[in-house]
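These numbers come from a predicted model, not from an experiment.
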Amino acid sequence: MNPIQELRDKLNNIIIEALKKAKDEELLQFQHIPGFVIEVPKDSNHGDFASNVAMLMAREARMNPRQIAQIICDHMPEHTLEIDKIEVAGAGFINFFVSKKWLYDIPALVSAMGDQYGNNPRLNKQVQVEFVSANPTGNLHMGNARGGAIGDTLANVLARAGYDVEREFYINDCGNQIEVFGQSLEARYLQLMGKDIGFPENGYAGQDVVDTVKNIIRTHQDGLLSMESSVRQKTLIDYALNEKIKYIKSTMADFGIHYDVWFSEKTLHEAGKVEEVVDYLKERGYIYESEGALWFKTTAFGDEKDEVMIRANGLPTYFAADIAYHKDKFERGFDWVINVWGADHHGHVARMKGAMQAIGYDPDHLDIVLMQLVRLYRGGQIVRMSKRTGTTVSLDELIEEVGKDAARFFFVMRSPDSHLDFDLELAKQQSQDNPVYYVQYAHARIMSIFRQAKAAGAELKKPAEVDFSILGAEELQILRKIADFPEEIAISARTLAPHRIARYVLDLAGLFHSFYNHHRVLNENKALQDARLVLMDIIRITIKNSLDLLGVSAPEQM
RNA sequence: GCGCCCGUAGCUCAGUGGAUAGAGCAACGGUUUCCUAAACCGUGUGUCAGGGGUUCGACUCCCUUCGGGCGCACCA
């Protein structure tokens, strides 16, 4: 149920009917009705809805937009909508002033839908969101954290927007980096066993690798010393990957994220899917050999330069595996595939889409959400992140310091396109300056009102038993905001903009706090109290559902 | 050099081609002790980085210049 969308659809039909009627009467001349919009004007003086249809028709109809608008108004058919006023305004806008009575139906809708409120009709479309997909060779960093918050919120939003959603984590468990990882593990192992041995130049120098090796020693002691190097590395890698993936899974769970699929890159190679896709491209003539390597002619799809698929040493590149991976995704039947990537991978986007085109899939069914980098601040000072010095803050440490709720909210608060300054002090603050606190507090405050109401013997009545015409302008504004929620979800999904939900719930919490500071819910006027209690209940539901989307808890008291 | 993102109020940021560009913080002025706590109310003259273009209409789309970030591996 999306009340805004329903009203919009009805107005849309009325306009089209009016146009047809005017054409029949030969007052307007046109072949096609243009793709006009019915929008909610920013300024409420311009009505509840406004359409630009007259402006768009001006050229074809060879008439002044305001005249066209007037003709449309004069030909509005009979309809069931209660409309107070329709006016022609500005350059030719048609403004609709819908009777406020439609808002009185909102509480019953929200109340009946409960935790389902906000959900749009099912679309029967399968969408996959792949996000984080961190290398299992180290700790989760702030980029992974932001990707997690964005990806998971986006998945939640898409689900409520009507899609069938799957969350997936791609595990890069083979390739060059894993070899380097193995060499690093081996060096640490030998060092810890007292051998005087150097460390690989580009190895993983972090303390977490040392810790992992210490865990291995705890169970295997010196048992790996006698092994041949390649066997030893494999043993170390298997153990370490297992440990790292367990760490990632548990940290993600602490962050409120639960994946449907953990997809191993290795299985792709083992199943021959990578060779398969290279062969496929070869058959189509997109592959050529040069300097011992096999190249994919990505320039044929707008890339700047061709890319290596199979290296001279016979091993496929990450790109080759990634094409096979994305082919596999589409073969699994997804109508829409979404990846959340760090902005440092942007160069990969065009060639990935090109690759999809080359293997016969519509590149428009693949969307990449690129997110900009994160900067951590502590008391106005930037927290430098350096793997060398080991001062990097990991996601598990962040969750421990500021809590899951603040972390989730902060990471998703800004547009993915925007660099994110994460203020650790603000995130911990128990004050209304802290946006997550501000929203949660609104929820807790409403719960408190209900506790007070119960103590006073006041009950929450069913919306049908309550007269909402007693409500004033501020309450109606809140109703209007609540009515927007499903539409907000639809837009957020369509534009892949999960930060809109954070802003939405901040707005709603702001309206609530402001109302709370001016009016008493529990008061002498019982009819008013009944209406306000219902209003409080649907604010509570909408805030709760918004916070659910964000993966943030809604406390009963604070 | 080429490509992607960004540039909006003092600061941090919103802004699905629509009408007079918004919010929070900060600043300034005022009120107040009330279901949850020093909270509440009010106050914005912004070259939407600059310049061109498309459009009835541009912060939004295109071109270009400047500034910042990030990429441009037989790494992932």
As a test of reading the structure: which of [options] is closest to the side chain of [X], going by heavy atoms?
X         : options                   : value
Arg494(A) : rC35(B), rU16(B), rU36(B) : rU16(B)
Ser448(A) : rG69(B), rC41(B), rC35(B) : rC35(B)
Ala312(A) : rC74(B), rC56(B), rA37(B) : rC74(B)
Met55(A)  : rC35(B), rC56(B), rU12(B) : rC56(B)
Val308(A) : rG71(B), rA76(B), rC74(B) : rC74(B)
Tyr441(A) : rC59(B), rA37(B), rA76(B) : rA37(B)

Handout entry: Length of the CG-C1' vector between Asn45(A) and rG18(B), whole Å
Key = 16 Å
Fill in the blank from the handout: Rounded to whole Å, CG of Asp303(A) lies from P of rG3(B) at a distance of 13 Å
Salt bridge flag under 4.0 Å for residues [X] and [Y]:
X         : Y         : result
Lys266(A) : Asp173(A) : no
Asp484(A) : Arg480(A) : yes
Glu130(A) : Lys329(A) : yes

Taking the same atom, [atom1], in [N] and in [M], what whole-Å distance lies between them?
N       : M       : atom1 : result
rC56(B) : rC72(B) : C1'   : 43 Å
rG51(B) : rG17(B) : P     : 23 Å
rG24(B) : rC63(B) : C1'   : 36 Å
rA21(B) : rC62(B) : C1'   : 22 Å

Handout entry: Ring centroids of Phe93(A) and rA19(B) base under 5.5 Å with planes under 30°
Key = yes
Handout entry: Short side-chain to backbone donor-acceptor contact, Arg494(A) and Ile489(A), under 3.5 Å
Key = no
Handout entry: 5' precedence on RNA chain B between Asp417(A) and Glu265(A) (nearest-nucleotide basis)
Key = Asp417(A)
